[in-house]
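All values below come from the heavy atoms of this structure, side chains included, with hydrogens, waters and symmetry mates left out. Note that ligands are numbered from 1 as they come in the structure, with each ligand's atoms numbered from 1 the same way.
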Amino acid sequence: MTKSALVTGGTSGIGRATARALHEAGFDVTITFRSNEDQAKSLLNEGEVASIVRLDLSDPQSVDAWVQGQEGSALDVDVLVINAGEILRPSNWREMGIREITETFSVHAIAPILLARKAAAFMEKRGGGRIIFTSSTYGLVGAGPVLAYGAAKASLVSTTYALARDLGVSGITVNCVAPGNIDTPMTAGAGDAVLKWVQETTPVGRLGKAEEVAAQTMYFVNSPFITGQIAVVDGGQVLNM
Ligand SMILES: NC(=O)c1ccc[n+]([C@@H]2O[C@H](COP(=O)([O-])OP(=O)(O)OC[C@H]3O[C@@H](n4cnc5c(N)ncnc54)[C@H](OP(=O)(O)O)[C@@H]3O)[C@@H](O)[C@H]2O)c1
């Protein structure tokens, strides 16, 4: 039987590369999008994804209603990749407002728990599955210019450990990728000074590719005996942070 996967934020960057890798591996892939409906429809028409679902993660109550309602059945999959997100600005700890802080935690900390919990219930009935979170190296070392983002991403490390411990007995592995600076639209918005700093501080001397993060996710998908792991995909930059 064809296996199924859901990738949140599959219209762009890392999520798009991950959806493509899963499609090439034979999965029926559903992606979620927030605003880029044209791109989602185009991927659907090209046959790269099997279905598309609109989902905005910025409000916890709306996410919970989505998860509990009919649309939450999109989480009945073999593989869940929780990827969607962005850095809300201003993001510096001196300037960010309560809206930026609360929405950041909704997208990167609260919504992942709500989505993973529902998917895990479906996977328990299926007899197994894979859950992969997307943290960040900023979630490991922290960074003043993106304080709330880093703090929310840090929570995914603990969420990964907690769920991996509880769900292994059901054949469900729970892992996490922690990308460094990857060449996606999100990074392009950071500005030339940041990109220069990344190149100078990254031992391999370049930005990562979305496909390189997707490859790590596929490694977790294909590894039934690996769970509770945080895979840093950053060209070694965290060594210099
Ligand atoms: N790029 C990096 O250097 C890097 C490093 C570490 C971690 N990450 C993480 O990797 C993930 C993907 O990043 P990316 O670089 O691939 O970004 P991207 O190219 O900008 O794509 C972001 C995706 O997330 C969706 N999204 C954004 N905010 C959302 C929200 N509030 N609710 C629902 N969907 C939302 C977007 O949907 P629409 O386009 O439909 O709006 C889009 O599909 C993010 O969690 C990011 O924090 C990225």
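Glu95 contributes no side-chain N or O that, together with a main-chain N or O of Asn92, makes up a donor-acceptor pair within less than 3.5 Å. Panel note: side chain Ser91, backbone Ile87; no donor-acceptor pair is recorded below 3.5 Å. Formation of a donor-acceptor pair under 3.5 Å by the Asn83 side chain with backbone atoms of Gly9 is found in this model. Distance alone, capped at 3.5 Å, is enough to place a donor-acceptor pair between the Thr102 side chain and the Arg99 backbone. Judged by distance alone, the side chain of Ser170 and the main-chain N or O of Gly128 form no donor-acceptor pair under 3.5 Å. In this structure, the side chain of Thr227 engages the main chain of Val174 through a donor-acceptor pair within 3.5 Å. Not one N or O on the side chain of His108 forms a donor-acceptor pair closer than 3.5 Å with the backbone of Leu156. The backbone N or O of Pro60 lies less than 3.5 Å from no partner atom in the side chain of Asp64, so there is not a single donor-acceptor pair. With hydrogens and angles disregarded, a donor-acceptor distance shorter than 3.5 Å links the side chain of Glu100 to the backbone of Gly97. Judged purely by atom type and a 3.5 angstrom limit, Ser135 uses its side chain to pair as donor or acceptor with the backbone of Lys153.
Between Tyr138 and Asn181, the closest side-chain pair of non-hydrogen atoms falls below 4.5 Å.
Among all protein heavy atoms, the one lying closest to atom 32 (N) of ligand 1 is Leu57 N, 2.9 Å. The nearest heavy-atom contact from the protein to atom 22 (C) of ligand 1 is Gly85 O, 3.5 Å. Thr184 OG1, 3.6 Å is the protein heavy atom nearest to atom 14 (P) of ligand 1. For atom 30 (C) of ligand 1, the nearest non-hydrogen atom of the protein is Arg34 CD, 3.6 Å. Among protein heavy atoms, atom 16 (O) of ligand 1 sits closest to Ile14 N, 2.8 Å. Counting only heavy atoms of the protein, atom 13 (O) of ligand 1 lies nearest to Met186 SD, 4.0 Å. Counting protein heavy atoms only, atom 11 (C) of ligand 1 is closest to Asn83 O, 2.9 Å.
Short contacts between ligand 1 and Asn181, defined as distances under 4.0 Å to a heavy atom of the residue, involve ligand atoms 3 (O). Close contacts between ligand 1 and Thr187 involve ligand atoms 1 (N), 2 (C), 3 (O) [criterion: under 4.0 Å to a heavy atom]. Of all the atoms in ligand 1, the ones that sit under 4.0 Å from a non-hydrogen atom of Ser35 are 38 (P), 40 (O), 41 (O). The ligand atoms of ligand 1 that sit less than 4.0 angstrom from a heavy atom of Val107 are 31 (N). The Leu55 neighbourhood of ligand 1 comprises atoms 32 (N), 33 (C), 34 (N), with distances under 4.0 Å to a heavy atom of that residue. The atoms of ligand 1 that sit less than 4.0 Å from any heavy atom of Gly9 are 23 (C), 24 (O), 25 (C), 43 (O). Within the listing of ligand 1, atoms 16 (O), 19 (O) sit less than 4.0 angstrom from a heavy atom of Gly13. Atoms of ligand 1 lying under 4.0 Å from at least one heavy atom of Ala84, given by number and element, are 24 (O), 25 (C), 34 (N), 35 (C), 45 (O).
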Requested in this report: Let me see the working for Glu46 and Lys41 under salt bridge (charged side-chain N to carboxylate O under 4.0 Å, His left out), right down to the final yes or no.
Outcome: CA-CA 9 Å; Glu46 288 160 16; Lys41 280 185 173 164; over 6 Å; no

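Taking distance alone, with nitrogen or oxygen atoms compared against 3.5 Å, Phe33 stays at or beyond that limit from ligand 1. Considering backbone and side-chain N/O of Gly15, none are found under 3.5 Å from N/O of ligand 1. Residue Ser12 has at least one nitrogen or oxygen atom sitting less than 3.5 Å from a nitrogen or oxygen atom of ligand 1, judged on distance alone.
Taking a 4.0 Å cut-off on heavy atoms, His108 registers as neighbouring ligand 1. Using a 4.0 Å cutoff on heavy atoms, Tyr149 counts as a contact of ligand 1. Note on ligand 1: Lys153 sits in its first shell, one or more heavy atoms being nearer than 4.0 Å.
Under 4.0 angstrom from ligand 1, there are no non-hydrogen atoms of Asp183. At a heavy-atom cutoff of 4.0 Å, ligand 1 is contacted by the backbone of Ser135 but not by its side chain. At a heavy-atom distance under 4.0 Å, atoms from both the backbone and the side chain of Ile182 approach ligand 1.
Glu71 and Lys118 are not joined by a salt bridge, as no carboxylate oxygen comes within less than 4.0 angstrom of a charged side-chain nitrogen. Ion pairing of Glu48 with Arg20 is present here, as a side-chain N (NZ or NE/NH1/NH2) and a carboxylate O approach within less than 4.0 Å. Using a 4.0 Å cut-off between charged side-chain N and carboxylate O, Asp78 and Arg126 make a salt bridge.
Each of Val81, Ile132, Asn175, Thr18 was evaluated against Val221; a single residue qualifies, Ile132, per the side-chain contact (heavy atoms from CB on, under 4.5 Å) test.
Selection from Ser136, Ala19, Gly180 by nearest heavy atom to atom 5 (C) of ligand 1 gives Gly180. Between the choices Pro179, Ser106, Ala111, the shortest heavy-atom distance to atom 6 (C) of ligand 1 belongs to Pro179. In this structure, of Thr11, Leu88, Ile82, Thr8, the residue bringing a heavy atom nearest to atom 42 (C) of ligand 1 is Thr11.
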